[in-house]
Amino acid sequence: MTKGKKQTELVKIILTALLIALNLVLERIIPSYKIWNQDISFGFVAVAFAAAFLGTPYAVAVAGVGDLVGSLLFPFGAYFPGFTLTNCVYGLILAEFLHKKATPLKIVACVIINKITCSLILNTLWISIMYRGGVDAFFVVLIPRLLGTAISAAIELIILLLVFSTKSKLRSMLDKTIKRFI
C-alpha cells in the first residue's frame, strides 16, 4: 500500500468514527419523536453520509457500531441484537443506492425498500419475538406501525433528496470538499 492509499484509508476511518459519534448524538441524545408507535429520529443522516461518500463497509459500520454503542451507553430498554442487524441491513441498502450517482429515482427506491425491509418486516419481527408472540403477534404489531412508517419514510425521503441527490447543490459542494481528503 502506498503512502497516499494509507492516508486515504486513515481519513476514511477517522471520518467513520466521527459519523458514529454523530449517529449517537442524533439517535440517542437529541430527542426522537414518536408517531404511531414509530420512533422518528435523524440518525439516518450520519449513515447516509457514510453511504454516499465512503461506501458500503463504512455505512454498515456507522449503522451497526452506532446502534451497538448507543444501546450500551444510552439504553432505551434491554439490548436485542436483531435491531443491530436491522441497522446494518439499513446501512447496506443505503450504500447500494446512495454511493456514487444517487438519482432521485434511486433515492425513492432506497427509502421504499428500506422502510419495507427494515422498519416493517425486520423491526416488527424483532418486537414480536421480544414479547414472545407468534405469527399473530407479528400482525398485531405490524398494523399500528404502518402509518408511522409512512410518515417516517416521507421525512427521510425529503431529507435524502435535498442533501444526497446528484441534482442537489449541497451534494456537489460536499463532493468537492470530500474529494480533497479521500
Side-chain angles (χ1 to χ4, degrees), residues 1-30 32 39 41-76 79-115 117-119 122-123 126 152 155-182:
M1 206 183 265
T2 64
K3 184 178 179 183
K5 279 192 169 196
K6 284 182 182 179
Q7 186 174 4
T8 300
E9 284 302 312
L10 181 61
V11 168
K12 285 182 177 182
I13 291 169
I14 292 169
L15 192 53
T16 302
L18 290 171
L19 289 171
I20 290 170
L22 179 63
N23 186 328
L24 286 172
V25 169
L26 294 174
E27 283 281 334
R28 303 291 177 151
I29 296 174
I30 293 177
S32 62
D39 283 331
S41 66
F42 297 100
F44 72 90
V45 174
V47 180
F49 190 94
F53 298 108
L54 301 176
T56 304
Y58 301 99
V60 171
V62 170
V65 174
D67 181 71
L68 182 64
V69 172
S71 297
L72 297 173
L73 293 180
F74 310 104
F76 291 145
Y79 173 72
F80 186 75
F83 294 116
T84 303
L85 175 65
T86 299
N87 279 327
C88 290
V89 170
Y90 179 80
L92 175 75
I93 293 170
L94 268 178
E96 292 304 315
F97 283 93
L98 293 183
H99 196 57
K100 305 288 182 200
K101 294 200 178 262
T103 63
L105 184 62
K106 284 174 80 174
I107 292 174
V108 169
C110 174
V111 170
I112 291 170
I113 290 170
N114 255 335
K115 290 302 173 182
T117 305
C118 297
S119 291
L122 289 175
N123 281 346
W126 306 140
S152 168
I155 293 169
E156 190 170 320
L157 181 63
I158 291 167
I159 292 173
L160 290 178
L161 283 171
L162 289 174
V163 178
F164 297 104
S165 172
T166 51
K167 296 181 179 184
S168 168
K169 290 182 182 183
L170 183 58
R171 169 74 185 243
S172 61
M173 183 184 73
L174 287 170
D175 273 337
K176 289 176 188 173
T177 305
I178 296 294
K179 284 182 183 176
R180 288 191 298 174
F181 299 106
I182 297 178

Query raised in the report: Judged by atom type as modelled, is there a donor-acceptor pair below 3.5 Å linking the side chain of T117 to the main-chain atoms of I113?
Result: yes

Query raised in the report: Side chains of C110 and L94: does their closest heavy-atom pair fall under 4.5 Å?
Result: yes

Report summary line: Heavy-atom closest pair (A46 atom, N23 atom, distance to 0.1 Å) is CB-N, 3.8 Å

Query raised in the report: Can V163 and S168 be said to form a side chain to side chain contact (heavy atoms under 4.5 Å, CB included), step by step?
Result: CA-CA 6 Å; V163 178; S168 168; 5.5 Å; no

Report task. Using side chain to side chain contact (heavy atoms under 4.5 Å, CB included) as the criterion, point out the one residue from N87, V89, L92 that pairs with C118. Result -> V89

**Report entry** Over all atoms of both residues, closest heavy-atom pair of F97 and A109
**Finding:** CE2-CB, 3.9 Å

Query raised in the report: Is there a side-chain contact between L162 and L170, using heavy atoms and a 4.5 Å cut-off?
Result: no

Query - Contact summary for F42 and L26, nearest pair of heavy atoms - result: O-CD1, 3.2 Å

Requested in this report: Please report the shortest heavy-atom distance between G43 and E27, naming the atom on each side.
Outcome: CA-OE2, 3.4 Å

Query - For the student: nearest non-hydrogen atoms of A102 and F164, plus distance - result: CB-O, 3.4 Å

Report summary line: Interatomic distance, CZ@R171 vs CD1@I178, rounded to 0.5 Å, equals 10.0 Å

Query raised in the report: Going by heavy atoms in the side chains, are Y79 and T84 under 4.5 Å from each other?
Result: yes

Report task. Before accepting this row, confirm whether a basic side-chain N of the pair D67/R28 lies closer than 4.0 Å to the acidic partner's carboxylate O. Result -> yes

Query - Donor-acceptor pair, side chain of K167 and main chain of P104, under 3.5 angstrom - result: no

Requested in this report: Nearest 0.5 Å please: distance from the CG atom of L73 over to the CG atom of L68.
Outcome: 9.5 Å

Report summary line: Rounded to the nearest 0.5 angstrom, the CG-NZ distance for L174 and K169 is 14.5 Å

Report summary line: When rounded to the nearest 0.5 Å, the distance separating OG1 of T177 from CE of M173 is 6.0 Å

Query raised in the report: Between A59 and G91, which heavy-atom pair has the shortest distance, and what is it?
Result: CB-O, 3.6 Å

Query raised in the report: When rounded to the nearest 0.5 angstrom, what distance separates CD1 in I93 from CG in N114?
Result: 4.5 Å

Output a table of donor-acceptor pairs, distance under 3.5 Å, between side-chain atoms of residues 49-56 and any protein atom two or more places apart or on a different chain; print 'none' if there are none.
unit_1, atom_1, unit_2, atom_2, d
T56, OG1, E96, OE2, 3.1

Query - Student check: side-chain heavy atoms of T16 and V65 closer than 4.5 Å - result: no

Query raised in the report: How far apart are the C-alpha atoms of Y58 and L15, what are their side-chain angles, what is the distance that settles it, and do they pass the side chain to side chain contact (heavy atoms under 4.5 Å, CB included) test?
Result: CA-CA 9 Å; Y58 301 99; L15 192 53; over 6 Å; no

**Report entry** Side chains of L24 and I29 in contact at under 4.5 Å (non-hydrogen atoms)
**Finding:** no

Query raised in the report: Once you round to the nearest 0.5 Å, how far does CD1 of I107 lie from OG1 of T166?
Result: 7.0 Å

